[in-house]
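What you see below is based on every heavy atom in this structure, not just the backbone, and it leaves out hydrogens, waters and symmetry mates. All values reported here derive from a predicted model rather than from experimental measurement.
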Amino acid sequence: MAYGIWAQPIGPGPAAPAPLFIDSGSTFPQIKNTISGSFNFNGGGRSFPISGWDGSGQIVIVPTGSLCWQWEVPPNLVPDVYCVNNIYVENTTSFRVNLNQNPGSNPLFDCGFNVYQIWPRADRNYGITFSNTADYFSISDAGVVGQCVWAWQGVINNALQIPDIGGFYMPNAVVFANWSDGGLGLSYTSGDRVIRVYQNRPYINGNTNEGGSVFARIAVFCNGAGVPEHNGGLNIYSPGTTQCVFSTNRTPFTVDGFIGSGGGNTGMAYPMIPLSSGIGAIKGQGSGWRYQQMRSHTMSGSSVGTGYGRYLFQWNQNYDLGSDTVVNLSIPVINAAKVFAGL
């Protein structure tokens with residue numbers, strides 16, 4: 001016999017939502033703060049703030065902007081490529097982002113991050129509590145727990161634009177995807193809200209690797225808007241108020257596990273990972289040239305990884321230049337079967 005709370009979310013659509021079951025082991029990320037803008041990484045890295053963390057639970061950093069940039073430095077033969085290669089929590093007030101090399105004081109790089117706290121496990125002797133489960137009944141603010149604002153499944157032909165969802169600041173949205181084709185990679189740019197498909201191969205002197213068709217499931221999560229009450233579901237209110245801070249009206253942002261951004265086996269039949277515009281840099285070679293490209297996200301069955309993504313530039317193969325790196329980061333994984341009905 002299973003124990004927990006069962007509810008059937010209404011949305012968000014257009015894909016039909018899966019039933020929601022809150023039981024032992026479930027948890028959710030609480031938004032602490034967002035980082036967005038153009039920043040200097042003089043010295044090869046910089047620190048960013050963590051807001052209001054007491055050290056409990058776990059901090060998770062999810063990129064929402066670029067992690068790889070190119071910078072022209074005359075008279076160099078090719079541009080320099082700068083990539084994030086490590087992100088880690090320094091202390092209760094800051095996390096560190098390091099690059100693969102020092103860009104000096106000139107360039108400013110556009111980037112963005114969402115800082116989440118994995119909610120501490122419940123430790124109370126009153127109310128409704130499940131073992132090893134987030135304390136849902138201590139949520140005090142409607143904006144801290146993310147909710148699914150768009151869920152879609154179908155064939156992406158070359159590219160797919162995420163709609164601008166009213167009431168939410170979409171540049172801070174986290175876009176999760178599930179697909180199964182190791183020969184095709186995906187990336188997402190928050191500025192235009194576009195998911196792009198890339199063939200997992202080098203650019204090859206004008207034979208572009210951009211484009212392709214793949215069946216995918218996309219779930220977009222965002223914080224900051226009011227939580228709609230669920231008539232016939234579970235609603236949690238801030239103590240002493242009528243403000244709904246958590247409900248099962250829309251599929252909530254829950255985390256099922258973590259995996260290194262370099263890839264591995266998730267152990268799930270339908271894993272979903274957060275997309276970025278480039279999870280590092282990768283070099284290719286062919287037809288007398290070397291090619292610098294961003295790394296895309298790849299997925300095949302339960303396994304995720306990285307591969308060839310957007311083309312940046314090329315140069316004569318006699319010179320071993322460019323960058324080949326992947327971001328060292330633990331990323332959250334969610335189960336598509338908990339978002340989409342019928343899996």
Determine, using ring centers only, whether [Y] and [X] are less than 6.0 Å apart.
| X | Y | result |
| --- | --- | --- |
| Phe113 | Phe95 | yes |
| Trp69 | Phe109 | yes |
| Phe313 | Trp315 | yes |

Backbone N or O of [Y] within a donor-acceptor pair of the [X] side chain at under 3.5 Å?
| X | Y | value |
| --- | --- | --- |
| His230 | Thr248 | yes |
| Ser296 | Tyr308 | yes |
| Tyr291 | Asn205 | yes |
| Ser261 | Ser330 | no |
| Arg193 | Ile162 | yes |
| Arg295 | Ile279 | no |
| Trp179 | Leu184 | yes |
| Gln147 | Val227 | no |
| Gln199 | Gly212 | no |

Is it true that Ile35 and Tyr169 fall in one hydrophobic cluster, defined by side-chain heavy atoms closer than 4.5 Å? no
Do we get Arg196 above Tyr198's six-membered ring, with its NZ or CZ under 6.0 Å from the centre and within 45° of the axis? no
Return the NE2 to OG distance between His297 and Ser187, rounded to the nearest 0.5 Å.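 One finds 7.5 Å between NE2 of His297 and OG of Ser187.
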Does some side-chain heavy atom of Val304 sit less than 4.5 Å from a side-chain heavy atom of Thr298? no
Under the side-chain hydrogen bond (donor to acceptor under 3.5 Å, both in side chains) definition, can you give me all pairs with a residue in residues 154-166, not counting sequence neighbours?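 Applying side-chain hydrogen bond (donor to acceptor under 3.5 Å, both in side chains) to every pair that reaches into residues 154-166, excluding sequence neighbours, yields Asn157-Ser213.
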Among Trp150, Trp152, Phe253, ring-ring contact (aromatic ring centres under 6.0 Å, His included) partner for Phe176: Phe253
How about Asn231: does its CG atom have over 12 heavy atoms from other parts shown lying under 6.0 Å from it?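 At most 12 heavy atoms, drawn from other residues, nucleotides or ligands, come within 6.0 Å of this atom.
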Just do the side chain to side chain contact (heavy atoms under 4.5 Å, CB included) check on Asn86 and Arg96 with the steps written out, would you? CA-CA 8 Å; Asn86 195 17; Arg96 184 78 177 175; over 6 Å; no
